[in-house]
S.K.: 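My questions will all concern the structure given below.
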Amino acid sequence: MKVCKFGGTSLASADQIKKVFDIITSDSERRIVVVSAPGKEHDSDTKVTDMLINMAESFLSTGNCEKDLMAVVNRYAKIAEGLNLSDEIVKDIENNLRTRISLGYDNKDKFIDRIKAAGEDNCARLVAKYFNSRGVSAKYINPKDAGLFLSDEYGNARVLPQSFKNLSKLKNMDGILIFPGFFGYSLSGEVVTFPRGGSDITGSILAVSVEADVYENFTDVDSVYAANPKLIKNPKAIPVLTYREMRELAYAGFSILHEETLAPLFKKGVPVNIKNTNKPDAPGTMIVTTREVKNGPVVGIAGAGGFVTINIHKYMMNREIGFGRKVMWILEEEAVPFEHIPSGIDDISVIIRKQFLDEDKKSRIMERIAHDLAVDSVSIGYNLALVMVVGEGMLRRVGVASRATTALAQSGVNIQMINQGSSEVSIMFGIDEKDLDKAIIALYNEFFEKN
Ligand code: ASP
């Protein structure tokens, strides 16, 4: 059995949905279909999820969102018309949106999640209707009925363990199941969404629950590339990647799969196949547990900005028992997750994503580190970018770091920090955000353009 997930561009228009139909009906193993909300057909379009967020925000600030609501309805109406579906489905979608609004709110985040989830939910209903209109037995599945339960962290939910067993029952249902991505329900019955891009996560949870042979993730590119195609012209396509490699690349900017998608699949060893809805016969990229290293130590280069670093210096830090724990404790009390903690004898730097550090938190953390830990100095550095050189082939291979640092030096990029985990699957460089593109190009040229 295959679980297939289609992203927003694969559902952005009637023509795209017809391709989804052809793909699903061309292979009887494709039994569970996870859909995103319609995305952009043209660059100037707005994704339905963003339209819904605007709608929720208009309602919250003015008590009225009629214009935004009708814009969403019209978007679906255009798709329905192109699929020759009757007006009934459009009316249903409009009613669905109105009901979500009329339920009111006691908490803004809860309300926004309920509205945001309408994109996927109505898309799944529409796709099921379309399959039925073409004489194929397909059924919309509601995540609550199927038992997809999530933590009540609005906009940032995580799956609760009992969901896997509940969802495993879908395996025994007949026909094609159309399941909306991106949301589930809290134990108290509220709609809760995953982070943005989270339909990928729904797909992976389903693939693991039904023990799929493969999780096919359909998007709008032929494969995963060794570097961002917006930066590198015709970068090398990657035919096979391991979960660990994909995880490292996704961490630093490869947005083809949501970062949290791989965790459940990895545990169960369900392979992922990234494929192009517009070219379904192309092999795409397989993501698997292990692979043979055939072509060089490095498989891809990724990079992302938006990090800050807290630099702490205290003479004789290495002799102070519990120093690191005390730093981490301060962060924990402020609910700030850390990314990396490179350290020296008397120094420790904590790398954090900028979005977790507002001004108030920043002052409190700096103040507490300075006073509670009696450090010699503490400072904050902004505009940090992380660049990752990733590849299973680096394991016990001499000289990869030296090639990377030489390439960076030759292009004038100053390295602020280097980190290599014990798995040796990646080397990470901390650099100034302004050098990010230059660094990725230099590293790509070094590992992919030189023979
Ligand atoms: N529609 C949601 C978003 O735009 C989720 C997804 O497409 O995966 O973030």
Side-chain angles (χ1 to χ4, degrees), residues 3-13 16-17 19-20 32-57 68 71-73 75-76 79 93 96-97 100 109 111-127 140-143 148 150-151 153-159 178-185 191-207 215-221 224 246 250 253-265 272 274-278 287 355:
V3 170
C4 305
K5 181 258 166 180
F6 291 86
T9 51
S10 305
L11 299 146
S13 66
Q16 289 301 90
I17 294 178
K19 291 182 194 167
V20 171
I32 300 186
V33 183
V34 177
V35 294
S36 283
K40 293 181 180 206
E41 186 183 5
H42 310 290
D43 276 351
S44 58
D45 291 343
T46 307
K47 292 169 89 175
V48 164
T49 306
D50 291 314
M51 296 171 83
L52 289 164
I53 294 172
N54 293 340
M55 173 176 135
E57 280 167 357
D68 300 288
V72 177
V73 173
R75 189 72 207 276
Y76 282 105
I79 297 175
I93 292 172
N96 177 290
L97 293 174
R100 284 171 197 264
D109 295 332
F111 179 75
I112 293 179
D113 266 20
R114 190 199 302 141
I115 304 296
K116 259 196 305 194
E120 275 61 17
D121 201 36
N122 287 303
C123 186
R125 292 171 202 272
L126 184 142
V127 169
Y140 156 81
I141 303 288
N142 178 271
L148 175 52
L150 309 183
S151 61
E153 297 164 274
Y154 295 105
N156 196 25
R158 276 170 298 174
V159 64
I178 315 282
F179 199 104
F182 191 39
F183 72 96
Y185 288 80
V191 174
V192 211
T193 67
F194 289 118
R196 291 298 304 270
S199 298
D200 286 342
I201 308 174
T202 310
S204 77
I205 293 166
L206 281 167
Y215 170 32
E216 291 184 321
N217 195 294
F218 284 89
T219 174
D220 52 8
V221 290
V224 180
M246 189 65 217
F254 273 39
S255 56
I256 201 154
L257 265 189
H258 191 283
E259 215 199 320
E260 290 170 33
T261 311
L262 295 175
L265 298 160
V272 186
I274 310 274
K275 284 176 84 73
N276 189 347
T277 302
N278 306 313
I287 306 174
Q355 80 246 35

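Ligands are counted one by one from 1 in listed order, and the atoms in each one are counted from 1 as well.
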S.K.: Any atoms of ligand 1 less than 4.0 Å from a non-hydrogen atom of Arg196? List them with their elements.
M.R.: 3 (C), 4 (O), 9 (O)

S.K.: With heavy-atom distances below 4.0 Å as the criterion, list the atoms of ligand 1 near Glu120.
M.R.: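 Atoms satisfying the 4.0 Å criterion: 1 (N), 2 (C), 5 (C), 6 (C), 7 (O).
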
S.K.: Of all the heavy atoms in Gly197, does at least one lie under 4.0 Å from an atom in ligand 1?
M.R.: yes

S.K.: Return the minimal non-hydrogen interatomic distance between Leu150 and Phe183, and the atom names on each side.
M.R.: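 For Leu150 and Phe183, the tightest heavy-atom pair comes out as CD1-C, 4.0 Å.
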
S.K.: In ligand 1, which numbered atoms sit nearer than 4.0 Å to a non-hydrogen atom of Ser199?
M.R.: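 Here the atoms of ligand 1 in question are 5 (C), 6 (C), 7 (O), 8 (O).
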
S.K.: Can you name the side-chain hydrogen bond (donor to acceptor under 3.5 Å, both in side chains) partners of Tyr215, sequence neighbours left out?
M.R.: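 Asn217.
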
S.K.: What I want to know is whether Thr49 and ligand 1 share at least one N or O pair that is separated by under 3.5 angstrom.
M.R.: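 Such a contact does occur with ligand 1.
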
S.K.: For the residue pair Val191 and Tyr154, what are the closest heavy atoms and their distance?
M.R.: O-CE2, 3.6 Å

S.K.: Does only the side chain of Lys116 get under 4.0 Å from ligand 1, or the backbone, or both, or neither? Count heavy atoms.
M.R.: neither

S.K.: Mind checking whether His258 contacts ligand 1 via backbone (N, CA, C, O), side chain (CB onward), both or neither, at a 4.0 Å heavy-atom cut-off?
M.R.: neither

S.K.: Nearest 0.5 angstrom please: Ile201 CD1 to Glu260 CD, how far?
M.R.: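 CD of Glu260 is found 4.5 Å from CD1 of Ile201.
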
S.K.: Just wondering, do Ser36 and Lys5 contact through their side chains at under 4.5 Å, heavy atoms?
M.R.: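 SC-SC contact between Lys5 and Ser36 confirmed.
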
S.K.: Give me the nearest non-hydrogen protein atom to atom 7 (O) of ligand 1 as residue plus atom name, then the distance to 0.1 Å.
M.R.: Ser36 OG, 3.1 Å

S.K.: Quick one: does Gly8 get within less than 4.0 Å of ligand 1, heavy atoms only?
M.R.: no

S.K.: Between Gly181 and Val34, which heavy-atom pair has the shortest distance, and what is it?
M.R.: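 Of all heavy-atom pairs spanning Gly181 and Val34, the closest is CA-CG1, 3.8 Å.
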
S.K.: Assess whether a salt bridge exists between Asp121 and Arg114, defined as any Lys/Arg side-chain N lying under 4.0 Å from an Asp/Glu carboxylate O.
M.R.: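 Salt bridge flag = no for Arg114 with Asp121.
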
S.K.: Give the numbers and elements of all ligand 1 atoms closer than 4.0 Å to a heavy atom of Lys47.
M.R.: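 So the answer, numbered in order with elements, is 4 (O).
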
